[in-house]
Amino acid sequence: MPTERVREHAGPGATTVAAHRRRLRADRARQLADLLRHQVLTGGFPDGTLPHEAALGPDYRASRNTVRQALDLLRAEGLVERLPGVGTVVVAQKYPHGLDRLMGLAETLREHGQVTNEVRTVGPVAAPTPVADRLRIAPGADVLYIERLRRLDGLPLSLDLTYIPLDLGTALLGADLENTDVFRLLEAVAGQPLGHAEITLEAVNSDAHSAAVLQAPRGAAVLMLERLTHLADGRPVDLEFIRFRGDRITMSGRLRRAL
């Protein structure tokens, strides 16, 4: 049926059959990419090589073209690459960051390598009003400000901006901030464990400074974790703004439904 007759039959504004098929193929490719991404990131291909396109199709009930489009999506994300004579191989790894427990980065990733910190800035500053409000201190009161580039086995992973009330932060000035999580230091200084944290997680575009520090493309999306951590007695003691490279970290957690 000619395109004009299809439009007349379907009504004004309707898509053509060809356009509809292209959309459906793109939808299926995206759905397949989601399934394959999970396999890639959870070790579903132990030898690091994905099955041939001809095998992926029947396994996932997808056409050859859909499989190719899905692999193109993963290739654009930098997760896989096609090597002549080999096939499609995994070329990137994302590290898991759990959201079930309150843990520092070194504690979270201890099974995946060594976390080290490049302390870029540390010292007292006057707390901006939003920071003072969150930490429940007087406006303009000094806080300890720490900026750290955090690496996993030398690979840039996150840029952390931290604000700590100065009565606790002063003791951290001489501490080993390069090799120790702030959480552990705070518990030692406060003489009590941390209790809970309020978090917000969102994707933001990296600014020129953070992109350069994280060695990421300028404007690339990063995962921004805002976290306000409290001691066991409820006092807020640590306000952090953490920019993670989104291509190197994946957040996960277990949620329970309670009505």
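What's counted below: heavy atoms across the whole structure, side chains too, no hydrogens, waters or symmetry copies. We're numbering straight along the sequence, starting at 1.
Atom NE2 of H112 has more than 12 neighbouring heavy atoms from other residues, nucleotides or ligands inside a 6.0 Å radius.
Note on E118 versus R148: no salt bridge recorded, every NZ/NE/NH1/NH2 to OD/OE distance being 4.0 Å or above. R235 has a carboxylate O that lies under 4.0 Å from a charged side-chain N of D167, or vice versa, which qualifies the two as a salt bridge.
Closest of all the heavy-atom pairs between L36 and A70 is CD1-CB, 4.5 Å. Here the closest heavy-atom approach between residue R245 and residue P156 is recorded as CD-O, 3.7 Å. Here the closest heavy-atom approach between residue R150 and residue A106 is recorded as NH2-N, 4.4 Å. Taking all atoms of both residues into account, the shortest heavy-atom contact from A132 to A138 is CB-O, 3.9 Å. Taking all atoms of both residues into account, the shortest heavy-atom contact from A55 to P58 is O-CD, 3.4 Å. Considering all non-hydrogen atoms of both residues, P217 and A211 come closest at O-CB, 3.9 Å.
When the side-chain contact (heavy atoms from CB on, under 4.5 Å) test is applied to H230, the partners found at least two apart in sequence or on another chain are R136, H196, E198, L228, P236. With sequence neighbours excluded, the residues satisfying side-chain contact (heavy atoms from CB on, under 4.5 Å) with R184 are E107, T180.
Proximity of F244 to L159: side-chain heavy atoms (C-beta onward) are nowhere separated by under 4.5 Å. When side chains are defined from C-beta on, E77 does not count as touching D247, because their heavy atoms never get closer than 4.5 Å. Using a 4.5 Å cut-off on side-chain heavy atoms (C-beta onward), R82 and L71 make no contact. Counting only heavy atoms from C-beta outward, the side chains of R227 and E240 approach each other to under 4.5 Å. Counting only heavy atoms from C-beta outward, the side chains of V222 and S210 never approach each other to under 4.5 Å. Contact of the T116 side chain with the E178 side chain is not registered, since no non-hydrogen atoms from C-beta on lie closer than 4.5 Å. Put simply, the side chain of T200 does not reach to within 4.5 Å of the side chain of L225, judged on heavy atoms. Using a 4.5 Å heavy-atom cutoff, the side chains of E202 and E226 are not in contact.
To the nearest 0.5 angstrom, Y145 atom OH is 8.0 Å from T162 atom OG1. A distance of 12.0 Å separates CZ of R64 from OG1 of T66, quoted to the nearest 0.5 Å. The CG atom of L35 sits 11.0 Å away from atom CG of L56, with the distance rounded to the nearest 0.5 Å.
Within the 3.5 Å criterion, the main-chain N or O of M251 finds no donor-acceptor partner in the side chain of K94. Here the side chain of T108 pairs a donor or acceptor atom with the backbone of G104 at under 3.5 angstrom. Judged by distance alone, the side chain of S158 and the main-chain N or O of R243 form no donor-acceptor pair under 3.5 Å. The closest donor-acceptor contact from the side chain of D160 to the backbone of I242 lies at 3.5 Å or more, if one exists at all. Here the side chain of D100 pairs a donor or acceptor atom with the backbone of R254 at under 3.5 angstrom.
Other residues sharing the hydrophobic cluster of L83, ordered by chain and number and joined by side-chain separations under 4.5 Å: V86, V89, V91. Think of M103 as one node in a network of Ile, Leu, Val, Met, Phe, Trp and Tyr side chains linked at under 4.5 Å; it has no links at all. I146 forms part of a hydrophobic cluster together with L102, V119, V122, L144, I164, L166, L168, L172, L173, L177, V182, F183, L185, L186, V189, L194, L231, V237, judged by ILVMFWY side-chain heavy-atom separations under 4.5 Å.
Here the options are T229, L135, V143, the test is side chain to side chain contact (heavy atoms under 4.5 Å, CB included), and the partner is L239; only L135 passes.
Counting only residues at least two apart or in different chains, ring-ring contact (aromatic ring centres under 6.0 Å, His included) contacts with residues 120-141 are absent.
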